[in-house]
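The next block holds one structure in the form of structure tokens; read it before the comments.
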2 protein chains.
Amino acid sequence: MSKDPRGNRHAHLNRDSIARAALAVVDRDGSEALSLRKVAAELGVGTMTLYHYVPSREALVADIVALLVVEMDLTISSGLSWRDGAKQVGRSLRAMALRHPRAFALVAAAASDKPPLLDFARRLRDFYVALGAPIEAFVEVWSVLDAFETGFLLLETQAVMRRSTAPHDELDQGTSELADRMPATLSEAAYEEGLEIIVGGLERRLL
Amino acid sequence: MSKDPRGNRHAHLNRDSIARAALAVVDRDGSEALSLRKVAAELGVGTMTLYHYVPSREALVADIVALLVVEMDLTISSGLSWRDGAKQVGRSLRAMALRHPRAFALVAAAASDKPPLLDFARRLRDFYVALGAPIEAFVEVWSVLDAFETGFLLLETQAVMRRSTAPHDELDQGTSELADRMPATLSEAAYEEGLEIIVGGLERRLL
DNA sequence: AGGATACTCGTACAGTGTACGAGTCCAGTC
DNA sequence: GACTGGACTCGTACACTGTACGAGTATCCT
């Protein structure tokens with residue numbers, strides 16, 4: 001005599017579609033606003049149903065990160081140098097970050113020793129090796145280059161989000177010439193500059 | 001006839017001491033485990049008492065970041081070059097991160113347009129200018145260098161925390177030669193290498 | 001037919017941030 | 001002294017979170 005708890009199957013419900021719905025919530029409401037109840041509502045499903053596909057909230061976040069990371073371009077076109085390959089990866093990371101500015105913080109905060117990022121690191125290592133870089137240098141190259149990219153894009157996505165919300169926070173007391181000019185110039189040019197400096201420097205010293 | 005609600009003043013209770021207690025909680029339990037109730041308990045005080053000094057949890061986190069950021073070394077010893085000054089700042093940031101590995105994520109995630117980090121950015125700009133760098137280059141220099149440092153230290157503090165907790169996660173299925181070797185070599189040497197590449201490169205191109 | 005299995009989800013609990021308002025103390029002023 | 005107004009403390013309550021438990025139903029296998 002319950003209202004409507006018929007055990008209907010929701011054909012298109014699985015780990016992947018749940019992660020996709022979660023990403024949609026994050027893209028819309030921001031990463032701190034992610035909640036299992038909201039994801040379930042997005043899918044028109046009871047909250048606890050999600051637990052049949054995803055073991056925990058933490059795992060769901062990992063799935064989101066995995067979804068974002070597979071978007072990266074690690075294809076090897078013929079005659080690609082390591083130098084250009086590294087820049088290609090950096091640019092596709094930036095493109096991903098700008099497609100999902102509110103979700104990027106999740107990528108930056110993700111544990112680098114667990115499946116989503118660890119798998120990516122392995123793919124990246126193979127990519128570099130295929131481009132002729134010595135394996136021994138990988139950890140150093142990866143940590144320096146990836147650190148720059150993650151840090152820069154964390155700043156840039158913050159700036160992007162700022163622009164698309166409240167036009168002016170009440171706390172902007174100090175006219176803040178610096179804050180105003182900073183995000184404005186924090187653009188593609190600065191990213192390319194950093195990329196060039198680091199890729200060039202690494203090539204000269206380690207490869 | 002209430003149990004003990006005497007309006008005792010707690011002499012040493014103020015915004016600063018609250019931030020300090022909150023930092024202690026974060027250093028001990030991790031940044032996700034920070035809660036107002038825990039901070040209040042740490043101080044032997046009712047939860048709502050905190051709200052007389054701090055307007056919100058968000059503000060409390062900002063206070064913690066401010067506490068960490070003032071530890072940085074921006075002193076100018078005589079004859080200091082921009083090159084060495086920039087490295088000095090980078091090293092003192094790393095020292096701070098390693099002193100508070102569980103709190104560093106809060107610094108990395110802090111909004112760069114609000115008092116704690118904005119004030120630091122201003123102090124840093126003055127520091128660079130005093131060392132002879134052109135003001136126009138500041139935003140570019142700052143974003144590239146700071147991005148590297150933040151990104152690198154986010155990774156390194158993660159690795160440090162990993163070592164001090166569960167010796168082996170159940171999910172380490174894949175023997176993960178990469179994951180094991182990565183944090184080990186992600187050390188001072190790699191940081192110095194990155195610092196040298198970037199400071200050198202920036203100097204050559206912009207200054 | 002009967003039973004296992006897969007799936008759905010209502011309810012409940014501990015934990016969070018914080019709004020409200022009732023207390024209790026102290027500094028002034030009459 | 002008595003009164004008043006503010007500064008301070010904090011108990012209670014509410015809306016929200018993640019998730020444990022177990023009851024319900026649908027489907028497939030024998």
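None of these values were measured; they are calculated from a predicted model. In the text below, chain A, chain B and the rest are named by the order of the sequence lines, each starting its count at 1.
- Under the side-chain contact (heavy atoms from CB on, under 4.5 Å) criterion, B:E58 pairs with B:S56, not counting sequence neighbours.
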Taking N or O atoms only and anything under 3.5 Å, show me the protein contacts with nucleotides 12-18 of chain D, one pair per line.
residue, atom, partner, partner atom, Å
D:dT17, OP1, A:S35, OG, 3.1
D:dG18, OP1, A:L36, N, 3.4
D:dG18, OP1, A:R57, NH1, 2.9
D:dG18, OP2, A:L36, N, 3.0
D:dG18, N7, A:R37, NH1, 2.6
D:dG18, O6, A:R37, NH2, 3.1

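- A straight line from OH of A:Y53 to P of C:dC9 spans 10 Å, rounded to a whole angstrom.
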Taking only distance into account, with no hydrogens and no angle test, what donor-acceptor pairs under 3.5 Å do side-chain atoms of residues 144-153 of chain B form with protein atoms, sequence neighbours excluded?
residue, atom, partner, partner atom, Å
B:D146, OD2, B:T150, OG1, 3.4
B:T150, OG1, B:D146, O, 2.9

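- Electrostatic pairing of A:E196 and A:R83 counts as a salt bridge here, judged by a charged N lying under 4.0 Å from a carboxylate O.
- Salt bridge absent: B:D119 and B:R123 never bring a charged side-chain N and a carboxylate O closer than 4.0 Å.
- Residue B:T49 has a polar side-chain atom (N or O) positioned under 4.0 Å from OP1 or OP2 of D:dC10.
- Using modelled atom types, one finds no donor on one side chain facing an acceptor on the other under 3.5 Å when comparing A:R162 with A:T157.
- In this entry the distance linking CZ of A:R15 with C1' of C:dC7 reads 17 Å, nearest Å.
- What separates NE2 of B:H52 from P of C:dG23 is a distance of 17 Å, to the nearest Å.
- A heavy-atom distance below 4.0 Å to DNA chain D is reached by these residues of residues 39-47 of chain A, ordered by number: A:T47.
- Look at B:D126 and B:R122 and you find no salt bridge, because none of the NZ, NE, NH1 or NH2 atoms lies under 4.0 Å from a carboxylate O.
- Residues passing the side chain to side chain donor-acceptor pair (under 3.5 Å) test with A:D27 are A:H100, sequence neighbours excluded.
- B:T75 is linked by a side-chain contact (heavy atoms from CB on, under 4.5 Å) to B:D73, B:Q88, counting only residues two or more places apart in sequence or in another chain.
- Following rounding to the nearest Å, A:H12 (NE2) and C:dT8 (P) show an atom-to-atom distance of 11 Å.
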